[in-house]
There are 2 protein chains.
Amino acid sequence: MNEIFLALSDPNRRKILQILKKRDMSAGEILKYFDIRGSSLSHHLDVLKKAELVTSQKKGKYIFYSLNASFLERVLTKFFNNLKK
Amino acid sequence: MNEIFLALSDPNRRKILQILKKRDMSAGEILKYFDIRGSSLSHHLDVLKKAELVTSQKKGKYIFYSLNASFLERVLTKFFNNLKK
DNA sequence: TTAATATTTAGATAACTATCTAAATAAAAA
DNA sequence: TTTTTATTTAGATAGTTATCTAAATATTAA
């Protein structure tokens, strides 16, 4: 749970999730939306992956990232339901 | 939006929200659930207040804190809905 | 009015993290 | 094979933050 909220606490990482909502993308494609170095993006993708908010799949020299929306929904729903009286 | 996720990214702050779900409590009452100094708790309460996740009301020498669950639900729902294709 | 209680504010410090550059790895193209 | 492209890893640095102690503020009790 902590890993997930830590992952969501960075604006760039939330933006990555938004970008991936339409379709899977390689790290290089995602990078076009940002003004940071590839290594910084790689770090963010790693945080998201460890939090299970994205998955990745290698295809040739590209690595494609996908949003794990179902997991995110489950987590947020559970978190909120636990806050009900 | 950023303030909210930053507020939620700390385990002690999420615990405060859990504690407040049953009933409003003064800072001193909340403090009993933690092994940190009052000044540290005060900092966390301030972060939560600025994120609008809690509200506070002074009563005599006590300050009572309340969970703003409706706001949190709206925010999380909106965030998740924006991640749908 | 003085003392005690409740909470916050100020200032310091240690730990954490987002970013960078440079180097490493891996696959594809020449 | 050598070079180029895609991505990650390693190591450094600057900025942020969670915590602490000490002091300030405000209210109630003696």
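Please read all numbers here as calculations on a predicted model, not as lab measurements. A note on names: the letters A, B, ... follow the listed sequences, proteins ahead of strands, and every chain is numbered from 1.
With sequence neighbours excluded, no residue forms a side chain to side chain donor-acceptor pair (under 3.5 Å) with Lys15(A). With sequence neighbours excluded, no residue forms a side chain to side chain donor-acceptor pair (under 3.5 Å) with Asn12(A). Remark: Lys78(B) pairs with Asn82(B) by the side chain to side chain contact (heavy atoms under 4.5 Å, CB included) rule, at least two apart or across chains. Legend: residues meeting side chain to side chain contact (heavy atoms under 4.5 Å, CB included) with Lys22(A), ordered by chain and number and at least two apart, are absent. Scanning for side chain to side chain donor-acceptor pair (under 3.5 Å) contacts around Asn2(A) gives Arg14(B), with sequence neighbours left out.
When atom types are taken as modelled, the side chain of Ser9(B) and the backbone of Leu6(B) share a donor-acceptor pair closer than 3.5 angstrom.
The nearest whole Å value for the distance from the CZ atom in Phe34(B) to the P atom in dT7(C) is 14 Å. Rounded to whole Å, the distance from CD1 on Ile30(A) to C1' on dT7(D) is 12 Å. Here the C1' atom of nucleotide dA6(C) and the CG atom of Leu41(B) are 12 Å apart, to the nearest Å. Nucleotide dA6(D) holds its P atom 16 Å from the CG atom of Leu45(A), rounded to whole Å. Distance Asp46(A) CG to dT19(C) C1': 15 Å, rounded to the nearest Å. In this structure, Ile63(A) atom CD1 and dA27(C) atom C1' are separated by 11 Å, rounded to whole Å. Atoms CG (Leu48(B)) and C1' (dT8(C)) sit 15 Å apart, rounded to a whole Å. Across the protein-nucleic acid pair, Arg14(A) atom CZ and dA18(C) atom C1' stand 14 Å apart, rounded to whole Å.
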Practice prompt. Using a 4.0 Å cut-off on protein heavy atoms (strictly under), produce a 5'-to-3' string for nucleotides 23-30 of chain D with B for base contact, S for backbone-only sugar-phosphate contact, and - for none.
Written response: ---SSS--

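Remark: Tyr65(A) is in phosphate contact with dT8(D), judged by side-chain N or O atoms under 4.0 Å from OP1 or OP2.
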Residues 53-72 of chain A side chain polar contacts: donor-acceptor under 3.5 Å, at least two apart:
| from | atom 1 | to | atom 2 | distance (Å) |
| --- | --- | --- | --- | --- |
| Ser56(A) | OG | Lys49(A) | NZ | 3.2 |
| Ser66(A) | OG | Asp24(A) | OD1 | 3.3 |
| Ser66(A) | OG | Asp24(A) | OD2 | 3.1 |
| Asn68(A) | OD1 | Ser70(A) | OG | 3.4 |
| Asn68(A) | OD1 | Phe71(A) | N | 3.4 |
| Asn68(A) | ND2 | Glu52(A) | O | 3.1 |

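For residues 18-52 of chain A, no pair satisfies ring-ring contact (aromatic ring centres under 6.0 Å, His included), with sequence neighbours left out. Legend: salt bridge (Lys or Arg N to Asp or Glu O under 4.0 Å) pairs involving residues 31-43 of chain B, not counting sequence neighbours: none detected.
Interatomic distance, Glu73(A) CD to Thr77(B) OG1, rounded to the nearest 0.5 Å: 9.5 Å.
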Close N/O contacts between protein and nucleotides 18-22 of chain D (under 3.5 Å):
| from | atom 1 | to | atom 2 | distance (Å) |
| --- | --- | --- | --- | --- |
| dA18(D) | OP1 | Arg13(B) | NH2 | 3.4 |
| dA18(D) | OP2 | Arg13(B) | NH1 | 2.9 |
| dA18(D) | OP2 | His43(B) | NE2 | 3.1 |
| dT19(D) | OP1 | Asn12(B) | ND2 | 3.0 |
| dT19(D) | OP2 | His44(B) | NE2 | 2.2 |
| dC20(D) | OP2 | Arg37(B) | N | 2.8 |
| dC20(D) | OP2 | Ser40(B) | OG | 2.8 |
| dT21(D) | OP2 | Arg37(B) | NE | 2.9 |
| dT21(D) | O4 | Ser39(B) | OG | 2.8 |

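As a member of the Ile/Leu/Val/Met/Phe/Trp/Tyr network built from side-chain separations under 4.5 Å, Val47(A) groups with nothing else and remains a singleton.
Residues from residues 16-29 of chain A lying near DNA chain C, meaning a heavy-atom separation below 4.0 Å, are absent.
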